[in-house]
Amino acid sequence: MQDGTRATRTTIDRTSGPDGATLPVLRFSGDISAASKESMFGAWRNVSGGGPVLLDFSKVGHIDSGGVGLIITILVEASKAGQKVAIFGLTTTNQHVFTLLGIGTLAGLHKDEQTAAASL
Amino acid sequence: MVKTTGASVEVRLPSRLGFEKVAMGTAASVAQLMGFPPDRIEDLKTAVAEACINAIEHGNQLNEKLSVGVILSASDHELEVKVVDNGAGISKQPAKPDIDRKMHGEEDPRGMGMFLIQSLVDEAEWVHDSKGTNSYVRLVIRLDKENE
């Protein structure tokens with residue numbers, strides 16, 4: 001088994017917000033674990049400290065507790081900078097895990113991109 | 001449906017991150033044969049993954065000369081999973097992660113694996129021997145859970 005089976009890919013995309021403003025979207029894919037730090041934080045650095053951001057998990061499979069720790073770190077940084085974040089596209093299992101851990105108190109958890117964008 | 005009562009399946013994993021996926025797949029297959037619903041199987045997979053990651057990282061300290069044992073035992077009403085490593089085990093049960101404390105940097109953003117395990121299965125128990133050279137976590141999910 002190669003480490004690639006756990007690899008996370010993060011791309012930065014743009015979408016339209018409710019008032020026509022352009023919002024950055026970090027789109028994650030693969031599995032998310034502690035090993036995903038470079039991929040996730042590398043992309044996050046490009047959008048941190050600015051306006052509202054969407055996090056897209058619709059192409060993410062398994063997220064372990066190390067991966068959840070990275071996501072919490074991003075959300076804490078955003079919160080300290082006064083930056084709004086909305087999350088969408090979680091699988092049922094990942095939504096369950098996020099809810100159990102109270103991550104919904106740090107960022108809105110939404111079904112799809114449209115709803116998430118409208119919340120910001 | 002395949003008769004699973006009394007069946008036992010054992011897998012040995014190298015202490016290398018990524019191999020927890022093998023345990024997840026095996027646990028999912030056995031749970032499926034026993035007739036667990038998909039959402040319970042997903043919970044079990046996550047709990048087994050966390051237990052294996054703990055065993056690989058903390059129990060065996062990523063020492064690839066050591067293996068992690070995963071023993072699945074099926075009975076009429078429940079599936080028991082033991083994840084065994086060569087570590088000293090834990091000294092106290094995990095507390096629920098506090099998001100507010102994490103927000104204020106008063107709590108490590110990590111350290112949620114054991115809480116997740118406890119939350120996702122019907123029973124979780126951490127056991128270690130007196131010599132501190134062997135420990136295991138025992139997870140149980142019950143078939144009648146969805147009828148409660």
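Each chain gets a letter, A, B and so on, in the order its sequence line appears, and its residues count up from 1.
Grouping the Ile, Leu, Val, Met, Phe, Trp and Tyr side chains by contacts below 4.5 angstrom, directly or via other members, places B:Val121 with B:Val9. A:Leu109 and A:Ile63 fall within a single hydrophobic cluster, where Ile, Leu, Val, Met, Phe, Trp and Tyr side chains are chained together by heavy-atom contacts under 4.5 Å. Connection of B:Leu33 to B:Val140 is not established within any shared hydrophobic cluster, with ILVMFWY side chains joined at heavy-atom distances below 4.5 Å, either directly or through further cluster members. A single hydrophobic cluster is seen to contain both B:Leu62 and B:Leu13, as judged by linkage of ILVMFWY side chains at heavy-atom distances under 4.5 Å, directly or through other members.
Residue-environment remark: CD (B:Glu123) exceeds the threshold of 12 foreign heavy atoms within 6.0 Å.
Taking each heavy atom of B:Phe115 and A:Leu101 in turn, the nearest pair found is CD2-CD2, 3.5 Å. When all heavy atoms are compared, the tightest approach of B:Met112 to A:Gly69 is CE-N, 3.7 Å.
Separation of atoms CD (B:Glu42) and NE2 (A:His96) is listed at 11.5 Å; rounding is to 0.5 Å. Note that the CG atom of A:Asp64 and the CD atom of B:Glu20 stand 6.5 Å from one another [nearest 0.5 Å].
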### Task
Show your working on side chain to side chain contact (heavy atoms under 4.5 Å, CB included) between A:His62 and B:Met24 and close with a plain yes or no.
CA-CA 11 Å; A:His62 182 64; B:Met24 289 169 74; 3.7 Å; yes

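A 4.5 Å side-chain heavy-atom check between A:Thr92 and B:Asp39 finds every atom pair outside the cut-off.
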